[in-house]
Protein chains: 2
Amino acid sequence: MDHSLSSSAAGSGDTRERILDEAERLVQTRGYNGFSYAHIAKALGVTKASLHYHFSNKAELGRYLIERYGESFEAALLGIDESGTGACDRLKRYVEIYEHVLEDDRMCLCGMLAAEYVTLPEIMQKSISTFFDLNEAWLTKLLEKGRAAGELQFANDAREAANALIGSLEGAMLVSRAHGGREGFRASARLLVEKICRAR
Amino acid sequence: MDHSLSSSAAGSGDTRERILDEAERLVQTRGYNGFSYAHIAKALGVTKASLHYHFSNKAELGRYLIERYGESFEAALLGIDESGTGACDRLKRYVEIYEHVLEDDRMCLCGMLAAEYVTLPEIMQKSISTFFDLNEAWLTKLLEKGRAAGELQFANDAREAANALIGSLEGAMLVSRAHGGREGFRASARLLVEKICRAR
DNA sequence: GTCTATAGGTGGATAGAC
DNA sequence: GTCTATCCACCTATAGAC
């Protein structure tokens, strides 16, 4: 099963999207410094030179990757917003986004890139920051509304709680790669949600 | 100020240790796939060939790096054990280990390597797992004793709580590189500790 | 132990034919 | 759009002089 957030060309003919799909998978599993045009070319059955027609250099490819990932993530958040359920259920759905990424044996794209941050082109660094800004804003709002409704509980500042949760989820994904696996992630995620959700 | 866990050759003449110190710094900031023998050679004012006399290949260097880091981490944990303070204070000291690493603009060595895990030589992968095993065991014991003494509180299984905390700290470090900085880490760390420590 | 020199491979990127 | 052919920089690693 495909758990990627943004793959959109499962078998379709759009080469550009197929490149993005494969590059995304490679970055999420191996990191930006751990993949090359040769990896993509081999997987797609084309030459390296062809890739440069679609993305003239690696930094540009990287930037599109982050933007597409961010847009898909944002779409998933809007989907939660429109679901009309309670704050606790929405929080669980937020955590499930991360869980689905991990089930595909992938790290969060921007979590992976955060590790490599200082080695990345400036243009990519800015896009990564934007991704975390988006998550922080959405989650802060959810936490505030949830607390006002008496459904969620957490200490003081909602923005700080949001950032702590984002970091905790990213870290649970990160560590699970080397220790604990998917089940380790799920156990950590469950504990994190339980602390915030009052409903039992 | 030097906040590294294991640097031991500040100005001393031991080339082997100087190589390890610089390689450690490079991996913690740039990742294993983001540094080369050339980086180390330039920083130390020697040639790449000289490095191969001390570490015949990069994987071997990587393995020693992890083992040395693990030993230093273990020493820091033993230092906490011998301090004779309460469980809550010990937990805060554990968190401070991470904080000191970050103050040197570094990511946890093994957190960084966890991101690159699938690209690493087998011999390094095993050593990374051992590092997390060590942390899990130490922290689990602390949590169990702390709860028995009425100082700490957390849900159910101490081992799961330990792993969730390790992941949360690693993730807070990770995300802080791209979003929030050191202050972001400190805020998250404070929230994590407050949830577990009953003492106020 | 450290050096010079170099091998053999892979990295990202380009020119120009089709 | 995709190809072949090629460039040059950088990579890990080795041989052998000093």
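Every chain is numbered from 1 and lettered A, B, ... according to where its sequence line falls, protein lines coming before strand lines. Side chains are part of it too, since the values below use all heavy atoms of this structure and drop only hydrogens, waters and symmetry mates. If you're wondering where the values come from, they're calculated on a predicted model, not measured in any experiment.
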Do A:E24 and A:R106 sit within salt-bridge range, that is, some charged N less than 4.0 Å from a carboxylate O?
-> yes
Report yes or no: is the cationic atom of A:R16 (NZ for Lys, CZ for Arg) under 6.0 Å from the centre of the six-membered ring of A:Y64, at an angle within 45° of the ring normal?
-> yes
Taken to the nearest whole Å, NZ/B:K58 to P/D:dC11 is 9 Å
Starting at NZ of A:K42 and ending at P of C:dT10, how long is that distance when rounded to a whole Å?
-> 10 Å
Could you check how far NE2 of A:H54 sits from C1' of D:dT2, rounded to whole Å?
-> 8 Å
Do other residues, nucleotides or ligands put more than 12 heavy atoms under 6.0 Å from A:L78 CG?
-> yes
List the steps and the verdict of ring-ring contact (aromatic ring centres under 6.0 Å, His included) for A:H179 and B:F131.
-> CA-CA 9 Å; A:H179 179 82; B:F131 173 83; 9.8 Å; no
Tell me: CD of A:E17 to C1' of D:dG1, nearest whole Å?
-> 16 Å
Regarding B:K58 and the six-membered ring of B:Y32, is the cationic atom NZ or CZ under 6.0 Å from the ring centre and inside 45° of its axis?
-> yes
Measure the distance from CG on B:L26 to C1' on D:dC11 and round it to the nearest whole Å.
-> 15 Å
Ring-face cation contact, A:F185 with A:R190, 6.0 Å cut, 45° max | no
May I ask you to verify if any side-chain N or O of A:S50 is less than 4.0 angstrom from the OP1 or OP2 atom of D:dC3?
-> yes
Just to confirm, is there a sub-4.0 Å distance from OP1 or OP2 of D:dT2 to any side-chain nitrogen or oxygen of A:T15?
-> yes
Map A:A49 and B:V46 onto DNA chain C by nearest heavy atom, then report which one ends up closer to the 5' terminus.
-> B:V46
Length of the CG-P vector between B:L61 and D:dT12, whole Å = 10 Å
Nucleic acid contacts - residues 31-41 of chain B versus DNA chain D, non-hydrogen atoms under 4.0 Å | B:F35, B:S36, B:Y37, B:A38
For A:Y53 and D:dT2, is the shortest distance between a side-chain N/O and OP1 or OP2 below 4.0 Å?
-> no
Value in whole Å for how far the C1' atom of D:dG16 lies from NZ of B:K48 | 17 Å
Whole-Å gap separating C1' (C:dT2) and CZ (B:R16) | 17 Å
Do the ring planes of B:Y69 and B:F73 sit parallel (below 30°), tilted (30 to 60°) or perpendicular (above 60°)?
-> tilted
Answer yes or no: does a side-chain N or O of A:H52 lie under 4.0 Å from OP1 or OP2 of D:dT2?
-> no
